[in-house]
Protein chains: 2
Amino acid sequence: MVERSTIYEVARRSGVSTATVSRVMDNGTGFSATTRERVRAAARELGWVPSGSARGLAKRRAGIVGLLFPDLSSEGEADAESPLYVDQVIRGAERAATAAGDAVLIAATRGATGRDLAFSVAGKVDGLVVLARSLSDEDLAAIAATIPVLLLADRSPHGVDRVGVDNRGGMRAVVEHLIAVHGHRDLVFVAGPPRSPDSIERFAGFRAALTAAGLTPPKKPHAQGGFTEHGGARAVRQLLAERERPDAVVCGNDEMAIGALAALRDARLKVPADIAVTGFDDSTSTRHVTPPITTVRQPMRELGEQAVRAVLARIVARDAPTHQIVLPTELVVRRSCGCRSTATPRRGKQG
Amino acid sequence: MVERSTIYEVARRSGVSTATVSRVMDNGTGFSATTRERVRAAARELGWVPSGSARGLAKRRAGIVGLLFPDLSSEGEADAESPLYVDQVIRGAERAATAAGDAVLIAATRGATGRDLAFSVAGKVDGLVVLARSLSDEDLAAIAATIPVLLLADRSPHGVDRVGVDNRGGMRAVVEHLIAVHGHRDLVFVAGPPRSPDSIERFAGFRAALTAAGLTPPKKPHAQGGFTEHGGARAVRQLLAERERPDAVVCGNDEMAIGALAALRDARLKVPADIAVTGFDDSTSTRHVTPPITTVRQPMRELGEQAVRAVLARIVARDAPTHQIVLPTELVVRRSCGCRSTATPRRGKQG
DNA sequence: TTGTAGGCGTTATCAT
DNA sequence: ATGATAACGCCTACAA
């Protein structure tokens, strides 16, 4: 690891000009087979790796797309750190970027320092995918004025590309299942953090399903569990103490559903015989818990893929119309709802 | 998103030279407070974000560290895609990099195309963290001749920095627990893929524990489960069919342990009353399964952190002695081993 | 098919 | 405290 060699050395060693070396490395055209081999040989011998910075500067294209996500741990949220689905999004983004010959740069914004980080990242990439809540609206706008930005959220500022997932339709699908297939009518909703857009959307889906079934939806969630296992358990204990036993506990996410299961077990209630439970997210544990939880799968990997594809597309076509993509969710029927065996998954309704 | 403005425009607008603008943005020194404000104002008004490429070229430092990991799905392995712990490593890497003012670039190598990808990434970063099995030894060496490289594995080529986790000590700790605390003597080992270094190390730990207890360790694992849930179940069914019931089933990872649990349930055997089971990794599901699985926690997040810290250090001190760090694991006692309640976790022994 | 040379946007050295 | 002005390593017309 002495000194990184440059294109000049490769050119000299192979007896051609730097222009030719550049052409060869770009897999372009305009050189003889002999030349190509000589250049390649020289490059190999020197261990030359083209400088991404120089290349990026010359081409006005770094070949990198950024991914910004929030690290909520620093915000005093209950969340462990960043939601786990972030990992899936990252995987998807990596896959799409690599497929397109780009690389992906990731960074977590943490509180106030997030601003500087975001701008620093913006300088290093050609386009940016921003997960909900990782940036203030004005910082987002400022960056969007510089490079293509795509937001992963339920809604985006005017003119900003967006890819989202159909939270509302997914929740509506589970609830309709509970009502139509199992005949439940007294359903209770355990929400996540009050201001979480995901939680809000899912509650909207819950209400929509009740309304569609001719039932009266509540104005507010029956309880809140902060999206945590512990919170879900607490919510159920409280619910059980203050009202008659409902037919089903509809949880805003899987972790709360797992907590709910534990609380119901403690209360000597059988799931699903005495009471049904559902989750949201299709996290790994839902399959292993007893009984396996009926839930809703979100295509997080695909979310990441579509997101970088969209920014990549916009980098090329700066003035195409704004993207607004909403990915469908999928109902995953297991046993906690009362079904005996796993049914064929079906898609959540849009909207 | 018209045209990215440059340092020249900012300089002109604020009535200073580009040198001064550069100084101000670098938070350096050598300018008056008045100047600083004028420059900042101009930058803000123009929405100027310094070009990372240009900056990197001039400073000979991109401010990016790379992380290369393998995507095993393309290799026809049983693994879903890439092992899940990769996510944790990524999180750790991101955290350490961000803390140091750098960003992290991630890329998954997939089969043969991995080579080009790796070199492409190498050109964009100042240092590279490479997860085991993502690159051939010679490609690794070629890149290591160019930029600082650190390998995340059980061993590394001569002169290459390395950070690993004490697989052997961790497995030894669980097995010793099974022997010393629960008095088991007939232990059976379910291994992962035969050539997996992790699996091999863990089996070595298994043998070491038996030997230390005066028992005769087997030369080869009793069964193989390919690190999958399904494989673990199959291994146990097979074992049950061909030999007397052992005291304990020691699994090379959690997924196989979960599969083992299912197979034992089908065989009407009670865990841990009739037979004990242990896993490795401390994946989320181990807590939710019945009974909760005694396992070994690996500090994957910390692994990622230490790794980028080490490469960052080497970028500064190119010729410091080679790093060789091994992180300790932690025994997580739950119920599948026969313990009633969760004991205080203790560290796995080194080596 | 190949070479020449200017330019990409910043930083850093040397003056002033 | 500030300004000129070379690098930095590669790409890409434009020529030949």
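Just so it is clear: chains get the letters A, B, ... in the order the sequence lines come, proteins before strands, and each one is counted from 1. Note that the structure is a prediction, hence the values are computed from the model and not measured.
A/Thr35 comes within 4.0 angstrom of the backbone, heavy atoms only, and of no base. Among the atoms of the strands shown, none is found under 4.0 Å from any heavy atom of B/Val21. Among the atoms of the strands shown, base atoms are found under 4.0 Å from some heavy atom of A/Ser22. Nucleic acid contact class of B/Gly52 (heavy atoms, under 4.0 Å, all strands): none.
In the displayed structure, A/Arg155 atom CZ is contacted under 6.0 Å by at most 12 heavy atoms of other residues, nucleotides or ligands.
The side chain of B/Thr18 contributes no N or O atom lying less than 4.0 Å from OP1 or OP2 of C/dG9. Taking side-chain N and O atoms only, B/Arg23 has no distance below 4.0 Å to OP1 or OP2 of D/dA1. Within the structure, every side-chain polar atom (N or O) of A/Ser32 is placed at least 4.0 Å from both OP1 and OP2 of C/dT1. The phosphate of D/dC8 (OP1 or OP2) has no side-chain N or O of A/Thr6 nearer than 4.0 angstrom. Contact annotation: A/Ser51 side-chain N/O to D/dC8 OP1/OP2 distance is not under 4.0 Å.
Spacing between atom CZ of B/Phe31 and atom P of D/dG3 amounts to 13 Å, rounded to whole angstrom units. In this structure, the NZ atom of B/Lys124 is 14 Å from the P atom of D/dC10, given to the nearest Å. Across the protein-nucleic acid pair, B/Arg61 atom CZ and C/dG9 atom C1' stand 19 Å apart, rounded to whole Å. Between B/Asp26 atom CG and D/dT2 atom P the separation is 16 Å, expressed in whole Å. Taking atom CD1 on B/Ile7 and atom P on D/dA7, their separation rounds to 19 Å, with Å as the unit. Computed from coordinates, the B/Lys59 NZ to C/dG9 C1' distance equals 14 Å when rounded to whole Å. A/Leu57 places its CG atom 7 Å from the P atom of C/dG9, with the value rounded to the nearest Å. Remark: P of C/dT2 and CD of A/Glu37 are 13 Å apart, rounded to the nearest angstrom.
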*Checking side chain to side chain contact (heavy atoms under 4.5 Å, CB included) for the pair B/Thr20/B/Arg23: CA distance, chi angles, key distance, verdict?*
CA-CA 5 Å; B/Thr20 296; B/Arg23 286 192 270 259; 3.7 Å; yes

*Carefully, step by step, assess A/Asp87 and B/Arg91 under the rule salt bridge (Lys or Arg N to Asp or Glu O under 4.0 Å).*
CA-CA 9 Å; A/Asp87 295 320; B/Arg91 295 286 187 115; 2.9 Å; yes

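Remark: A/Asp137 CG to A/Leu151 CG distance equals 8.5 Å, nearest 0.5 Å.
Among all heavy-atom pairs drawn from B/Gly123 and A/Arg4, the shortest one is O-NH2, 3.5 Å.
Not a single donor-acceptor contact under 3.5 angstrom links the side-chain atoms of A/Arg60 to the base of C/dG7.
Between A/Gly30 and A/Ala58, the residue anchored nearer the 5' end of DNA chain C, judged by the nucleotide with its closest heavy atom, is A/Gly30.
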